Structures are given as C-alpha cells and as structure tokens.
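Okay, structure first, notes after.
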Amino acid sequence: MSAIELATPSSGRKPAPVRMTGAQALVECLKAEGVEYIFGIPGGAVLPLYDALYNSGLKTILCRHEQGAAHMADGYARATGRPGVVLATSGPGATNLVTGIATAYMDSIPLVAITGNVSRSLIGRDAFQEADITGITLPITKHNFLVRSAKELPWVIRAAFHIATTGRPGPVLVDIPKDVGTEEFGFTYPETVDLPGYKPTYKGHIRQILEAARAIMNAKRPLLYVGGGAIASGAHQEVRALAEKCHLPVTMTLMGLGAFPGDHPQSLGMLGMHGTAYANYAVQNCDVLIAVGARFDDRVTGNLKTFAPRVEQIIHIDIDPAEIGKNVVPHVPIVGDCRAVLQVLLEKVKEKRHPEWWQQIDAWRREYPLQYRKVEGQIHPQAVCEALYEVTGGEAIVTTDVGQHQMWAAQYYKVKHPRHFISSGGLGTMGFGFPAGIGAKLARPDKEVFVVSGDGSFQMNIQELATAADHNVGVKVIIINNLYLGMVRQWQEFFYGRRYADSYLGTPDFVTIAKGYGVKGMLVTDPADVKPALEEARAHDGPVVIDVRVVPEENCFPMVPAGGSNSEMIGPKGWIE
Amino acid sequence: MQGSKEREHTLSVLVENRPGVLSRVAGLFSRRGFNIESIVVGTTEDRRYSRMTIVVVGDEGEVEQVTKQLHKLIDVIKISELSPHEMVERELALIKVAADRSTRSEILQIVDIFRASVIDVSERSLVIEVTGDTDKVKAMIDLLRPFGIKELVRTGRVAMTRGPRAVSVTESRQGGGLQAVGG
Ligand SMILES: Cc1ncc(C[n+]2csc(CCOP(=O)(O)OP(=O)(O)O)c2C)c(N)n1
Ligand SMILES: [Mg+2]
C-alpha cells in the first residue's frame, strides 16, 4: 500500500478517505507515527494485524516471550526517547505483557502496547483466550483504550502515541478486537487529537522559579538531586550548566544516572540505599536541596523522618503535579518540564562558589570512597564493572538486571551520557536487562551495548537469546555469576541470621546454553581473563554471553538498611562511622 | 498540610462519558488507599460528559493528593472541591420501615415533619422517600430505626456550587484544549 496522505497544517486540506481494513489502517497509523520496530509474538486474535504487517515495510521482531517483547520495546524507548511498540495476542499474550508494562509505568517510559482481543460479539463471554486486559492494566498504564470500531482506530492510535510521549511519559495500551482488524472503513489520519482532560504543564511558574533562584543564591550547602525526569525531558545540558555555574554537587538516582556525567568532578554518584557514602552525607547535611525530575522514592530517602534533617529549602521541579508533595513537601514547588524550567532558572542565577562545602565533601570523598576488599586470585564483581568502564571508556550503553550486580554497575560504571544506563528502577524487574539491551542495540546500532546481568535474572528472559541470534543483535551479556540470588542472600545474611532460604541457585552451563541458541559463549574464572574476555566480546560480530564466576558471597556496600536513616550506612568494614 | 484535621470533602468531577471511566476513578481511590464515602455518577447537560460527586474523608494533604491523582486520569476534565458554605447538596433515601396499625400514625407524623413522602403502603410496611442534606437524611433514619427498618437505599450526595459559577467544560477549556500535531 502506498503512503497515505496526511492532513498537515501546511497542506491545509483534508485528504480524501481511503477504504481499507482496520488492520491496514493500523499499519498506516504506525508508519505515520514514525515507528521503526514492532516487538511481539503473533496469535489468533492478532492474525489480521500481523497479516497487514507482512511486507508492509515495518520491521517486526519476533520475540520468544511477550515479556521479552515488552522489555525490548522499553529498552528501545529508553535508548532513544522515542516510543517503543509491542504487539501481543489476546489472553495469555496480553497477560504476558503485564510485567513489561508495569516496569515501563514505574519508570515513566513511553510505550505503546497493542493487544488483540476476541471479536466484539464474544467480548464478555469468557471466550477462548479472552482476557480483560484493559481492566488488568488500568493501574499500570497512563491510559488505555478498547477500540470499538475500525473508524475509531486512527484517532485512538494518534491519541495513544500522544499520551505516551508527552507530559510525564508512560505506557498506553490499545486493545483491538479481532473483527475490528478486518472491518472496512474510510481511513484518514487525524492531524490533532483534542483531549480536554489532558493538558500537561511545560512552563514553570516564573515567581516560583525566581524563588528557587533566590534559594540557590542564598545556599551555603546546596545539593542538586537529579532523577529520571531530567533524562526524559532532555535536560542534561541544563543540569550541567546549572551545576557548573553555581558549583553545585550533583547526586543522581538510579534512574537519573547519565543526566550528569559520572566522571565529572562535581558528581557524587548515586544516592540512597546503595548510594555512595559521600552522596548520602551531602543529602543529610545540605541546606538547599534541588530535586530535578526525581520523586523522593523510599530507596532514595530511607526513613523520611530523618531525611535531609538540616535542609532549609527544598526545591522540587517535576512535570507531574502529583509528585510534588507526595512524599516530601517542598518549600518551592515548580510544576513544569525540567528542561524548560532549568533554562529559565539558569538565567536567574549568578555564578557562585562554595569552598567550605566542597572542602567538607572532598573530605568525605577521601574518607569514605567506594571500596571493596580485594582477595588475590578471585574475581570481584565490582572489578568486572570497573573493567567494563575502562575497556569501553564509559561510552557504551549499559543495561542491567536487578540485584547486587545492578547496584555494582550503578556504582562502578560511571555513566557519562544520558540514555546510556538502562535499568528497571521503580519495579525492580529481574529479566529486564537482556531484552532491554536487545531493544537498545536495535535502536542504537552505532553504540556498543553491554548487559550487566545476574545468574538469576538472566534466566528470567534467557529465551531471548533466540531473538538476538535471529537478528544478529550485537549485545554483549556479562553474567555476574555468584551462584546466588545475591541480593536476597545479602539480606538474609544481614537480617535473617544467614538462613539462606531458597537463595542458592548453583549454575547451569551458560556457555553451552548460548551455543545451543547459536550465540557465542565464554566462561571466565580467572581475574586476569576479565579484560581480554571483554575485548574478545567487543570484537565479535554478534551477541555474546560471558559467564563470569565471581566471589559468591560478596556484599554490596554501602548499604542503608531499609527504613533506616541515610546517614547510617554499613560498609565493607561494618557500620560507617 | 500535615497535621490538618480529617474532614469530609465534596469533589465535583467532570469526566468524559466513556466506558470504564467509573472503574478508572474508583480504582484510583482503592489503589492509592483513599476512602470514598460516596460516589454518584450521572450524565450532564452535555451527553458527552458525566459528572461525579465524590465524598472523601481525609486531611488537606490527602485530598490534595487525591485531586492531583484524579487530574492525571485522561478522562477527567475538571475537578472542583465544593466548600461546605458555597454548595448546595442533596441526598435521597428510600426507607422501608415496619408499620402496623399501632405505629403507622406516629411514623406518618415523622414523615410530615421531614417533608418526606410515603410512596408505598402495605399491611405491615411503608416505603418512605426523603430528600435533603446528609444530616437531614441521617436524622430521619435515626428516628425511624426504633420502628424497624427493613431495607434502606441511599443515593449518596450530589452537590453543586451556589450562584452562577459552574463546573463545566466550557470553563475548563478556556486556555485551549491540548492540540497534538500529527505525523
Ligand atoms: C521478577 C522478580 N522476582 C523476584 C525479585 C526479588 N529479587 C530481587 S534481587 C533478587 C536476586 C537477583 O539475583 P541475580 O539476578 O543472580 O543477581 P545478584 O543479586 O546475584 O547480583 C531477587 C530474587 C525481583 N526483583 N524480580
Ligand atoms: Mg546472582
């Protein structure tokens, strides 16, 4: 089918409707939205849709599990800022998406999930493979739609992409009954959607911004606390400019890593439960805290009652008004797009230096650096992350799974650029890293993509090795193999008297598994082989799995016990004094 | 915000008249752990929109958070908190009360005092309709309880502001409905 003429403001005329089926219309809509890849798995209810996609010019990626497909679309979105698209059949196909959608929802990632459903006449009758997926995903989507006729479809798709990508981004699900896909109608693509109930605020209130500028100018111990919202809004340059102009120390959440260069002298790295000691001390001692696109999550704040006890002014910049005052009531609330707000704020502040504050911070940095006890002849997981940073020069995109390895990657791989650290922050979804890495590599073929995974997590979407092999997607998976559900074991060690209930995994032969899928596999057991193995993986054209056998019972430090105060951290030598 | 007193808040919420909008709103309350005292939905002067009157109990901070979360629902167009002094509110109740020859006249006296009406009579019961603010309905129920209430249905509260100001689409649209550009 030839491209459909769109009504553009410049053409000034309405294109004539073209007769086609709902499924063909969907293809035209996706093309009009500039979609590049569709991740998914076919099934009965989406046969009409897949048939229309066949030879349509849109690239479909056949995954091996719908959860994998959702994470791939998510990884694609995180690496680019463009919406990811995932397609699944009704019933089990749709329910398999749930974890992927929830993961994207918690981290505010633009995703459009399209599901087939049973035909309209069968809806509500417990038909074969019927599931109420709009009901199921109500609390984990920004919005969702059940399409009731083919002629609704163009508007719904336009609205879905619009909602997913604007304001605070998030996943939107569109459920399409099978017979809507085969229904014929006169297609035109709407130029605009009018959603009277949806008007995100982009511009910050000038009076509040002036108030913020005043607070920053009067600060003695300021701290910039940057979250994923700064990356979503593309505010990294403004964050850096503000930090440098006012000489602010910068700490980032897991989601914010890359919003400010991790190798910059003003970076304190990550804060929170496994943040650096100096970042947490800076939080506990700052007088002005500037939160940019961050939401005061419990993993960041620890016990709210003892969070930032010396703070006099909290400035909170966020596009979502509901985040402001949800966990912490700020003195200066600013609703708006982080980038737009910072651009104005930058003009309102003057150069400033805080030599005493920096002396204090540097003292903390000297006294409490990130560290681990090294044992000769053993591979330390932290060292693997350091090696990855050295080998790639910090230029690679790194995706992670969830557990200790995720925290070590966040601590020791100093992310330099936005959209270069991709991790499931809010939901903490094991099994996210590898498919997200596939999506990221497809999105950014020019970039090296490494997946820092765990032996437990990798096995939660290991089947996507087939997808990577099919398309020769050059993602390099590093399995930090400690034979354990390591983070669970660590908690059991500290808080459950070393009773390791169901946290020991042992290990399969990952090299053989990789080979079975036609993927290069490598086993690393000697510290001297870590860097050469990484180099060999980089040189290989195609996916690689590196099984790195690390110290099994290594712990992740510093650690703020859950619900504790941020200034009370456990380090490798016990409580940090 | 913190430490402020818990009290009843009446929210007038204008929503798009789409399938599922009630479950979106109700689901949000349960998911975020907010308690709904009552929720009433009906169409408005314009059939494309429905209006919900929601009564919640909470302190100022909680209600502010509820309101912000409700605003995030795409189908929610406008929310106004109606202040107790500036709104008119009504609730309707149907009360089936046990009544025989010995008690009927006493019950009818109460009905009269409350300007309620009897809408069904049988040998052993009366169905009474009462309309008024929540306090009035409650008072009536309390007075009838000793006679034996067999069944009770209440509509929950509907409310609107006094005077010419309206919670309407036209008011909220000023400043421009959001326009997305295609392609
Ligand atoms: C889907 C899912 N199930 C369970 C958990 C709970 N959990 C958090 S970390 C963890 C252990 C992860 O093990 P592994 O992937 O080997 O990483 P490690 O901590 O050993 O580095 C578990 C089970 C989770 N986060 N996600
Ligand atoms: Mg492990």
Side-chain angles (χ1 to χ4, degrees), chain A residues 4-11 29 31-34 132 134-135 137-146 148 154-155 157-163 165-168 170 172 175 188-202 320-330 335, chain B residues 1-4 13-34 44 46 48-50 52 59-79 167-183:
Chain A
I4 297 299
E5 193 188 350
L6 288 178
T8 57
S10 55
S11 74
C29 296
K31 283 183 182 170
E33 294 294 341
D132 173 15
T134 47
T137 58
L138 211 64
I140 55 166
T141 49
K142 187 169 170 188
H143 195 58
N144 62 24
F145 296 94
L146 171 59
R148 277 149 209 282
W155 183 88
I157 298 294
R158 183 75 273 272
F161 277 86
H162 176 62
I163 293 167
T165 53
T166 51
R168 179 180 184 170
V172 176
D175 196 23
T188 54
Y189 201 54
E191 179 187 326
T192 59
V193 282
D194 181 16
L195 299 163
Y198 180 67
K199 295 170 215 161
T201 307
Y202 290 96
D320 181 357
E323 282 307 338
I324 292 177
K326 186 179 79 179
N327 296 330
V328 166
V329 181
V335 177
Chain B
M1 222 182 266
Q2 275 142 345
S4 84
V13 183
L14 192 69
V15 300
E16 301 228 27
N17 186 6
R18 293 225 186 94
V21 63
L22 179 60
S23 52
R24 283 179 207 282
V25 171
L28 186 136
F29 276 84
S30 63
R31 180 163 69 93
R32 299 260 173 201
F34 303 126
T44 63
D46 183 334
R48 287 171 299 169
Y49 309 109
S50 299
M52 299 186 179
D59 63 30
E60 300 294 329
E62 282 167 339
V63 173
E64 186 183 325
Q65 183 58 210
V66 170
T67 309
K68 286 170 164 180
Q69 293 293 349
L70 277 174
H71 256 302
K72 284 170 69 171
L73 297 178
I74 309 290
D75 287 339
V76 170
I77 298 166
K78 188 163 190 183
I79 305 168
V167 180
S168 70
V169 184
T170 39
E171 273 191 24
S172 76
R173 275 209 174 165
Q174 280 162 10
L178 191 97
Q179 299 281 301
V181 177

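Convention: sequence-line order gives letters A, B, ...; per-chain numbering from 1. Quick caveat: nothing in here was measured; it's all calculated off a predicted structure.
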Measure distances from Asn144(A) to the heavy atoms of chain B and classify the residue's part below 4.5 Å as side chain, backbone, both or neither.
both
Residues which pass ring pair (Phe, Tyr, Trp, His ring centres under 6.0 Å) with Phe161(A), listed by chain and number, not counting sequence neighbours
none
Kindly compute the distance separating NZ (Lys199(A)) from CD1 (Ile77(B)), expressed to the nearest 0.5 Å.
8.5 Å
By the salt bridge (charged side-chain N to carboxylate O under 4.0 Å, His left out) test, which pairs, at least two apart or in different chains, include something from residues 13-28 of chain B?
Glu16(B)-Arg18(B), Arg18(B)-Asp75(B), Arg24(B)-Asp75(B)
Side chains of Pro19(B) and Leu146(A): does their closest heavy-atom pair fall under 4.5 Å?
no
Sort Leu73(B) into side chain, backbone, both or neither according to what part of it lies under 4.5 angstrom from a heavy atom of chain A.
backbone
Spatial distance of atom NZ (Lys72(B)) from atom CZ (Arg168(A)) [nearest 0.5 Å]:
5.0 Å
Compare every heavy atom of Arg31(B) with every heavy atom of Pro139(A), then report the nearest pair and how far apart it is.
CB-CD, 3.2 Å
Please round to the nearest 0.5 Å and tell me the distance separating atom CD1 of Ile163(A) and atom CD1 of Ile74(B).
4.0 Å
Which value, rounded to the nearest 0.5 Å, describes the distance between Asp320(A) atom CG and His71(B) atom NE2?
12.0 Å
